[in-house]
Number of protein chains: 2
Amino acid sequence: MEGSAPRRTRIQQEKRELILEAALEVFSANGFRGSTIDQIAEAAGMSKPNLLYYFRRKEDIHETLMQRLLDTWLAPLRELDDIGDPMTELRSYIRRKLEMARDFPRESRLFANEILQGAPRIMPMLEGELKTLVDEKAAVIKGWMRAGKIARTDPWHLIFAIWATTQHYADFDVQVRAVLGADRGGDGRFEDAARFLEQLFLDGLKPKG
Amino acid sequence: MEGSAPRRTRIQQEKRELILEAALEVFSANGFRGSTIDQIAEAAGMSKPNLLYYFRRKEDIHETLMQRLLDTWLAPLRELDDIGDPMTELRSYIRRKLEMARDFPRESRLFANEILQGAPRIMPMLEGELKTLVDEKAAVIKGWMRAGKIARTDPWHLIFAIWATTQHYADFDVQVRAVLGADRGGDGRFEDAARFLEQLFLDGLKPKG
DNA sequence: CTAACGTTTGTCCAACCGGTCAAAATTTTG
DNA sequence: CAAAATTTTGACCGGTTGGACAAACGTTAG
C-alpha cells in the first residue's frame, strides 16, 4: 500500500493534470511502449525533464492513469442494481456503457491496449476487484432469471457481450467509420448503435411466455 | 501495385515462413512499436542480420503479415451466402467467427492492435475492399429482412456486433479468463460462449409472428 | 576443382529513448 | 526586499533499436 498522500502545491496539481491529460492522448493512440516521454511532454507543452519532475518514471504516469481509469470505467456496472425493473436496469446499463464509448474513447482504448498486451500491470485487479464485482452482478442477474423476469442465459457471457459490443464503437472506431462511410458514419452512428443494441439485447432477453 | 512476383529459392520460402510465424507471435503480443527485430529474430532462431536478409525492413514483415491476415480474416464473411436458410447461414457465420477467435487469437490481436492505433497501414483496405464486402453482405441480410425471414434491424450494426462479441474472446482473452476464474475459464469457455451467442443473436433475430 | 551464387554472421553506426543532474529561473514566504 | 523553496531547462549519459556492410561460410553447377 501507499504511504500518506504526498502534499502538493497548486502548480503541482495543475501540471500533473495537464500531463495525465496529454499522456491519455498519447498512450491511447500508441500504446505504452509505442509512446515516448518526449511525445507526452510536447503534448503537455513542457520539456521532458520538466515532466519528469512531476512523474519520475514513464510507468508512474501510466499507473496513475490506469488507477483513475478503472474507477470510472466500472462505475456503470456498479450501478446495476438489484432493486428496480430488470429490463430497465439492463437497458440503462447498455446505454451508459455506450455513452462512455462515445464520450471517453481514449479511456476505452487505453484499457483495450492494456488487456491486449496481456494486462501485465492490472492483472491482480482483474482477478480480484473485477472478478468480485462481475460475480456479484452475475448473481443479481441470475436472481432475475430465477424469478422469471428475464430469459435464462449465462450472465457472465451476457456481461462480456455488453462490454464487447459497446466498447467496439470506441476501440474499433476507425473501422466502424470506414465501413459505414461518409453518410452513415457521422455523429448519428451512436444513436443507430444504441437502437440496434437495445433491440438485440432486450428482445433476446425477453422472457418467453 | 507490385511488380512481378520475385523468384524465390526453397530456403528463402522456408525461412520467410519461419520469420512470419515468429513475427506473428511477437507483434500480436507487443504491437508493432513494442516489438523489436531482435525479438523476432530470436523467436525465429536466427540472427538479426540474417533476418534482415529476408525482410529488409521491420515494416516489410508487418505488411506481409497484414496482407495475408486480411484474406483469411474475412473469409467467414465472404462465405455468408444468399442461398440457404438465413438463420442457418447466420448461425454458422457466428460459429466460424468464434472458431477463428479460438484457433487464431494471435491474428485477431494483430488486427485489433492495428485498428486500435488508427489503422495507419490498412486504412485504404478498410474503406475499399472491406466496406464493399460489408455493404454487399448487408444487402443480402436486408433481403432476408424484406422477405420476413429474420427480424428487421440494422445489418451493419448486426455485423459489428458479431465481430465484437466473437473477437472479444481472442482480444480480451486474459480478462475473460480472469473473470471466469479457474473453474469456468478453462477450455470449455468457448463452448459456453457459442451457446450464449447463438441464443443472443438467433432469438433476437427470430421473426415476430 | 572452382567460379558463381546464395546464406549467415560479427561489427559497426546513427538515431532514439528513458532518465540524471546541476544550474538557472521563478514563485512563495517571512 | 531577501531568503527559502519550488519549478524549469540545457546538457549529458548509458542502453537500445533499426539497419548497413563486408567478410566468411555453404552450396551448387559446370
**OP:** Report yes if at least one side-chain N or O of A:Tyr53 is closer than 4.0 Å to OP1 or OP2 of C:dG19; otherwise report no.
**Re:** no
Original post:
Which whole-number value in Å describes the distance from B:Ile19 CD1 to C:dT7 P?
Top reply: 11 Å
Original post:
Rounded to the nearest Å, what distance is computed from the CG atom of residue B:Leu51 to the P atom of nucleotide D:dT17?
Top reply: 14 Å
Original post:
Which part of the nucleic acid, if any, lies within reach of A:Ile37 when heavy atoms closer than 4.0 Å are counted: base, sugar-phosphate only, or nothing?
Top reply: sugar-phosphate
Original post:
With a 4.0 Å cut-off on heavy atoms, is A:Phe55 in touch with a base, just the backbone sugar-phosphate, or nothing at all?
Top reply: nothing
Original post:
Once you round it to whole Å, what is the distance between P of C:dG6 and CD of B:Gln13?
Top reply: 14 Å
**OP:** Look at the side chain of B:Thr36 and decide which nucleotide, out of C:dT8, D:dT17, D:dG19, has an atom nearest to it.
**Re:** D:dT17
Original post:
So, B:Lys137 side chain and B:Arg78 main chain: donor-acceptor pair closer than 3.5 Å or not?
Top reply: yes
**OP:** Grab the CD-P distance between B:Glu14 and C:dT7 for me, whole Å please.
**Re:** 10 Å
Original post:
When the distance from OH of B:Tyr54 to C1' of D:dG18 is rounded to whole Å, what number comes out?
Top reply: 19 Å
**OP:** Answer with yes or no whether the side chains of A:Asp85 and A:Thr88 bring together a donor and an acceptor at under 3.5 Å.
**Re:** yes
Original post:
Rounded to whole angstrom units, what separation is found between the CD1 atom of B:Ile40 and the C1' atom of D:dG19?
Top reply: 14 Å
Original post:
Of B:Arg33 and B:Asn50, whose nearest nucleotide on DNA chain C comes first from the 5' end?
Top reply: B:Asn50
Original post:
For the pair made of CZ in A:Arg16 and C1' in D:dT6, what is the distance, rounded to whole Å?
Top reply: 15 Å
**OP:** Establish, with yes or no, whether the OP1 or OP2 oxygen of C:dG6 is under 4.0 angstrom from a side-chain nitrogen or oxygen of B:Gln12.
**Re:** no
**OP:** Compute the ring centroids of A:His157 and B:Tyr169, then answer whether they are less than 6.0 Å apart.
**Re:** yes
**OP:** Would you kindly give the CE-to-P distance between A:Met46 and D:dG10, to the nearest whole Å?
**Re:** 14 Å
Original post:
Any N or O donor-acceptor pair linking the side chain of B:Lys48 to the base of D:dG19 at under 3.5 Å?
Top reply: yes
Original post:
Ion pair present between B:Glu63 and B:Arg57, side-chain N to carboxylate O less than 4.0 angstrom?
Top reply: no
Subject >> Side-chain N or O of B:Lys15 closer than 4.0 Å to phosphate OP1/OP2 of C:dT8 >> reply: yes
Original post:
Which nucleotide sits closest to the side chain of A:Ser47: D:dT9, D:dG18, C:dT9?
Top reply: D:dT9
Original post:
Which residue, A:Gln39 or A:Pro49, contacts DNA chain C at a nucleotide closer to its 5' end, judged by nearest heavy atom?
Top reply: A:Gln39
Original post:
Hey, is B:Arg189 close enough to B:Asp173 for a salt bridge, meaning N to O under 4.0 Å?
Top reply: yes
